[in-house]
Amino acid sequence: MPRLLFKFSPLIYKSRSVRTFSSSTTGPCTPMCMIMSPSPNGNVGEALLFNVDSCELVKSPEKAFPRELFNATLVGASRGWGMFSNRLDRSVVISDFLNPYASKSEPKVIPLPPFTTMPTYQTEVVCNMAMSSSPEPYDKDWVVGIRFLGKQLSFCRPHLDLRWTNIPTPFESWDTSKLMYSKKDQRFNLLAPGGNYICSWDKDKKPKFHELVLHNLPTMPREYQQRLDSNCREDHWVESPSGESFLVKWFSEYTSEGCKVPMVMVFREEDTKDGRINMHYTDDIGDLCIFISKSEDFCVEASSCRGLTPNSIYLNGRLFASLNVSKFSCRLYEYPEDTPYTTPYSPYWLPPFSS
C-alpha cells in the first residue's frame, strides 16, 4: 500500500542579508514587494523576490518605476508577467517590472481594457490570470484570460480588442479553481468544482467538456479516507514543458494549532477516449517540479535550476512549502530576517528568468 502521510523536515532558515541579482538566470521566485524611491530623473524602484532554489532574498537592479504601478496591487501572474490593478481607479495593466532582467529605463507596461461586469456577477475579486503566450515577442493574437470569483470569465486580445469578451462558466467556480492555458491543445482550461470534469475554451471561446476518470488510486484505511474527505482540498490542472498534463489534489487539515502536514495526490494524463480523460495516480513525476500558487500553475525541470528537488510540488498559499512526492516529505520555508515587516501577502510563483 503506498504511503500517503507526509512528514515535516526541519524548517529552512534563509540568509539574513539581501543581495542583488548577479547571475544570468534565476530559479522560480515569489515576489515579496516593490520598493519605490524618488530620484532627480524620476522615480526608481526595485523588486524584492524570494529565490526558492537558493533559499534567499534577492532584489532586482534599480530601474525606472512606471507611473502605471503607483497605487497598484498585484492581482495575477502568468509566464513571468504580473497583472496590476490600481486601487483608486481600478485600471489594469500587465507589466514585466518583476522580471529582474527587464529594461532598466523602460519596463514594459501594457494597458488592458476596463473590466465590464455581466448582470448578477462581479469583477471586484480576481481569482487568477492566464495567458496564451508571453507578450513578447509580439503576437497580435496574444490572449489574456481572467477568472473572477463566481461564474464570469473574461478574455481579450490586448493588441486587437478595445473591450473584454465576457462569458459565464457553466458552474459556480471556487476561489481555488484556476484558469490555465494549454500550449499543446491551444485552449484555456478550467476544472469544475470537485475536480471530476474539465471545461475548456479555444481562442474563439467555444467550450468543450471532458470527464476526468481516476485510475490506480492508492488503497488506504477507511478512517484515513474519511479524514481526507474532511480536509480542505484544492484541485489544480498543470501542463509540463513537454505537454504532459497532471491533476494535483492538495489536501490541508486545520486544527486549533493551525495547518497540519499537507498531502498531495498526483494523477498523470494517459489518454482520452469518448470525451473522457483517463488519469492515473503516480508518485513519480520524474525530473519535474510543479509550482502551485495564485499564479497560473506551471512545471519546471529540476535539472534546469540549481537547488530544486525533482519529483516535488512547491506550494505557495495555504502553506509556503515543498512536498517530495516519492519520499513523502515536507519542507516549510521561512522568509529571511531582513524581509520588510510590512511585506504584503503575495502567494504567487514566478517561473525562472534569464537575461
Side-chain angles (χ1 to χ4, degrees), residues 18 20-21 26 29-50 57-117 123-131 133-140 142-146 148 154-164 294-296 339-351 353-355:
V18 181
T20 302
F21 278 104
T26 75
C29 302
T30 186
M32 305 294 296
C33 63
M34 298 184 297
I35 304 171
M36 186 186 70
S37 305
S39 169
N41 299 320
N43 294 316
V44 296
E46 301 166 325
L48 198 61
L49 307 171
F50 177 78
L57 203 60
V58 291
K59 62 181 179 181
S60 68
E62 199 171 74
K63 63 186 78 173
F65 194 88
R67 62 178 178 81
E68 293 90 346
L69 300 189
F70 292 178
N71 297 310
T73 301
L74 181 66
V75 295
S78 175
R79 306 185 189 277
W81 292 69
M83 185 175 75
F84 299 85
S85 176
N86 189 287
R87 292 186 291 270
L88 301 180
D89 61 14
R90 298 196 65 229
S91 59
V92 185
V93 300
I94 286 178
S95 175
D96 67 350
F97 184 83
L98 296 175
N99 183 340
Y101 308 111
S103 170
K104 294 182 180 180
S105 59
E106 292 185 280
K108 296 290 189 302
V109 176
I110 303 171
L112 298 178
F115 292 145
T116 54
T117 308
T123 56
E124 296 286 336
V125 181
V126 173
C127 288
N128 87 296
M129 169 187 74
M131 302 195 300
S133 64
S134 173
E136 292 189 340
Y138 178 85
D139 176 6
K140 68 180 180 66
W142 163 53
V143 180
V144 176
I146 309 290
F148 298 97
S154 297
F155 297 95
C156 82
R157 294 180 172 91
H159 296 315
L160 297 175
D161 299 338
L162 298 178
R163 60 182 59 87
W164 293 90
K294 284 194 68 178
S295 303
E296 183 177 8
T339 301
Y341 179 73
T342 56
T343 296
Y345 177 61
S346 183
Y348 298 92
W349 283 120
L350 302 175
F353 295 109
S354 60
S355 58

Inter-residue atom distance M83.CE - S78.OG, 0.5 Å rounding: 10.0 Å

Please tell me if the side chains of L98 and Y348 come closer than 4.5 Å, counting only heavy atoms from C-beta onward. no

Do W81 and P135 come close enough that some side-chain heavy atom pair is under 4.5 Å? yes

How about M129 and I94: do any of their side-chain heavy atoms sit closer than 4.5 Å? yes

Does any N or O in the side chain of N86 come within less than 3.5 Å of the main-chain N or O of F70, such that one atom is a donor and the other an acceptor? yes

Report the residues that fulfil ring-ring contact (aromatic ring centres under 6.0 Å, His included) with F353, sequence neighbours left out, ordered by chain and then residue number. none

Per the salt bridge (Lys or Arg N to Asp or Glu O under 4.0 Å) rule, what does the pair list look like for residues 91-107, sequence neighbours excluded? none

Quick check: closest heavy atoms across P107 and S105, and the distance to 0.1 Å? CD-C, 3.8 Å

What distance do L57 atom CG and C29 atom SG have between them, rounded to the nearest 0.5 Å? 10.0 Å

Beyond-backbone contact of L69 with M36, side-chain heavy atoms, under 4.5 angstrom: no

Nearest-0.5 Å distance, CG of residue N99 to NZ of residue K63: 6.0 Å

Going by atom type alone, with no hydrogens or angles, which donor-acceptor pairs under 3.5 Å involve a side-chain atom of residues 156-163 and a protein atom two or more places apart or on another chain?
from: R157; atom 1: NH2; to: K203; atom 2: O; distance (Å): 3.4
from: D161; atom 1: OD2; to: R157; atom 2: N; distance (Å): 2.7

Parallel, tilted or perpendicular: ring planes of F97 versus F65, cut at 30 and 60 degrees: perpendicular

Residues passing the side chain to side chain donor-acceptor pair (under 3.5 Å) test with S95, sequence neighbours excluded, are none

For a quick test of reading the model, state the closest non-hydrogen atom pair linking S346 to P31 and the distance between them. OG-O, 3.0 Å

Grab the two heavy atoms, one from W164 and one from P114, that are nearest each other, plus how far apart they are. CD1-O, 3.1 Å

On a heavy-atom basis, which atom in L74 and which in G82 lie closest, and how many Å separate them? CD1-CA, 3.8 Å

Can you measure from CZ (F50) to CH2 (W349) and round to the nearest 0.5 angstrom? 7.0 Å

Roughly how far, to the nearest 0.5 Å, is the CG atom of L350 from the OG1 atom of T26? 8.5 Å

Could you tell me whether the side chain of F155 reaches within less than 4.5 Å of the side chain of V144, counting heavy atoms only? no

Residue pairs, two or more places apart or on separate chains, that pass salt bridge (Lys or Arg N to Asp or Glu O under 4.0 Å) and touch residues 66-87: none

For A72 and F84 the tightest heavy-atom approach is CB-CB, 3.9 Å

Could you tell me the separation between the CE atom of M32 and the CG atom of L49, rounded to the nearest 0.5 Å? 9.0 Å

Among residues at least two apart in sequence or on other chains, which ones pass side-chain contact (heavy atoms from CB on, under 4.5 Å) with P347? K294, N316, Y345

